[in-house]
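Note that the numbering runs from 1 along the sequence shown for the chain.
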Amino acid sequence: MRAALIVIASLVVVLTGCTSSTAPQAPRADSTAPVIAPGRPGEQARTLSPGEAATAVPSETPNAADVKYVQDMIVHHRQAMDMALLAPNRAESAKLKSLADRIKAAQGPEIQFMTSWLREQEQKVPDHHAAHQGMPGMATPEQMEALKAATGKDFDQMFLQLMINHHLGAIKMSEQVLGGGIHIRIEELASDVSVTQAAEIRRMQEMQRAP
């Protein structure tokens with residue numbers, strides 16, 4: 001009986017030792033190891049101190065800036081889609097028609113994503129007649145009516161100018177949320193919008209300069 005107790009006691013000691021040696025160790029609060037943080041598109045990675053790293057990770061809980069950006073960008077994208085939908089029947093330039101297709105292909109899925117995100121966060125999705133006074137880059141109702149009435153080269157010139165301004169407005173809105181928002185998925189969206197629309201602005205400016 002005594003031998004059996006010795007065996008059991010030995011097993012308890014062995015198992016206890018295994019458990020303590022294999023349990024995951026929490027990182028030390030006073031760790032001095034540096035952390036490498038990837039940069040945003042076009043930016044280099046940087047080294048963060050442990051204190052900086054603790055607050056550098058974007059939050060999964062949105063703030064008011066995140067929600068406003070998404071609500072406003074849905075309205076903004078919808079107008080760009082309305083403009084792009086006019087191109088097939090009114091534009092003269094094949095390059096412009098191709099650009100309009102790319103705008104629809106990029107912004108349509110982004111509208112779907114933003115709509116789903118707002119619903120996940122139990123936030124209001126703007127309706128199709130939402131006001132947009134003061135929103136950067138938006139065309140006025142009068143400008144939209146003039147674009148709808150134009151055809152050929154007149155349409156092309158008007159479309160390019162309005163869409164360049166529209167894209168510049170979207171980039172400005174994205175820069176604002178990158179500075180004030182905290183939600184990681186909205187940061188990723190804003191970065192994508194900035195990069196994509198900046199590239200499209202360069203294409204449209206080249207088209208404006210073409211004879």
Practice task
Answer yes or no: is there a side-chain heavy-atom contact under 4.5 Å between Thr61 and His183?
Solution key: no

Practice task
Rounded to the nearest 0.5 Å, what's the gap from CD1 on Ile182 to CG on Asp66? Could you check?
Solution key: 6.0 Å

Exercise for the section: Please identify each residue that fulfils side chain to side chain contact (heavy atoms under 4.5 Å, CB included) with Ala198, with sequence neighbours left out. Expected result: Ile171, Arg202

Practice task
State whether the side chain of Thr196 and the backbone N or O of Asp192 hold a donor-acceptor pair below 3.5 Å, judged by distance alone.
Solution key: yes

Problem - Any donor-acceptor N/O pair, Asn165 side chain to Gly137 backbone, under 3.5 Å - result: no

Exercise for the section: Apply salt bridge (Lys or Arg N to Asp or Glu O under 4.0 Å) to Asp82 and list each qualifying residue two or more places apart in sequence or on a separate chain. Expected result: none

Problem - Separation of Leu189 CG from Met73 CE (nearest 0.5 Å) - result: 7.0 Å

Practice task
Only pairs at least two apart or in different chains count here, so list each ring pair (Phe, Tyr, Trp, His ring centres under 6.0 Å) that has a residue in residues 148-169.
Solution key: His76-His166, Phe155-Phe159

Problem - Contact check, side chains of Gln205 and Ile201, non-hydrogen atoms, under 4.5 Å - result: yes

Exercise for the section: Just grab all the ring pair (Phe, Tyr, Trp, His ring centres under 6.0 Å) pairs involving residues 192-211, residues at least two apart or on different chains. Expected result: none

Practice task
Look up atom OG in Ser174 and atom CD1 in Ile186, then write down how far apart they are to the nearest 0.5 Å.
Solution key: 10.5 Å

Exercise for the section: Can you tell me which residue pairs pass the salt bridge (Lys or Arg N to Asp or Glu O under 4.0 Å) test with a partner in residues 144-170, sequence neighbours excluded? Expected result: Glu145-Lys148

Problem - Selection residues 71-81 - residue pairs positive for salt bridge (Lys or Arg N to Asp or Glu O under 4.0 Å), sequence neighbours left out - result: Lys68-Asp72

Practice task
Check whether Met135 and Val70 end up in the same hydrophobic cluster, where Ile, Leu, Val, Met, Phe, Trp and Tyr are linked by side-chain heavy atoms less than 4.5 Å apart.
Solution key: yes

Handout entry: Spacing of NZ belonging to Lys172 relative to OG belonging to Ser194, to within rounding of 0.5 Å
Key = 13.5 Å

Exercise for the section: Consider only side-chain heavy atoms of I, L, V, M, F, W and Y, link residues closer than 4.5 Å, and tell whether Ile74 and Val193 are in one cluster. Expected result: yes

Exercise for the section: Could you note down all residue pairs passing salt bridge (Lys or Arg N to Asp or Glu O under 4.0 Å) where residues 89-98 supplies at least one of them, sequence neighbours left out? Expected result: none

Problem - side-chain hydrogen bond (donor to acceptor under 3.5 Å, both in side chains) evaluation trace for Gln208 with Gln157 - result: CA-CA 7 Å; Gln208 283 183 318; Gln157 293 173 359; over 6 Å; no

Practice task
Kindly state each residue pair satisfying salt bridge (Lys or Arg N to Asp or Glu O under 4.0 Å) with at least one member in residues 114-124, sequence neighbours excluded.
Solution key: Glu120-Arg185

Handout entry: Partners meeting side chain to side chain contact (heavy atoms under 4.5 Å, CB included) with Ala65 (sequence neighbours left out)
Key = Asn63

Under 3.5 Å, sequence neighbours excluded: what are the donor-acceptor pairs made by side chains of residues 105-117?
from	atom 1	to	atom 2	distance (Å)
Gln107	OE1	His77	ND1	3.2
Glu110	OE1	His77	NE2	2.6
Thr115	OG1	Ile111	O	2.8
Ser116	OG	Gln112	O	3.1

Exercise for the section: Spell out, as yes or no, whether a donor-acceptor pair under 3.5 Å connects the side chain of Gln79 to the backbone of Ala139. Expected result: yes

Problem - Spatial distance of atom CE (Met83) from atom CE (Met163) [nearest 0.5 Å] - result: 4.0 Å

Handout entry: Where Ala146 and Met158 come nearest, the two heavy atoms and their spacing
Key = C-SD, 3.7 Å

Exercise for the section: Measure the OG1-CG distance between Thr140 and Leu162 for me, rounded to the nearest 0.5 Å. Expected result: 8.0 Å

Handout entry: Partner residues of Asn89 under the side chain to side chain contact (heavy atoms under 4.5 Å, CB included) criterion, sequence neighbours left out
Key = none

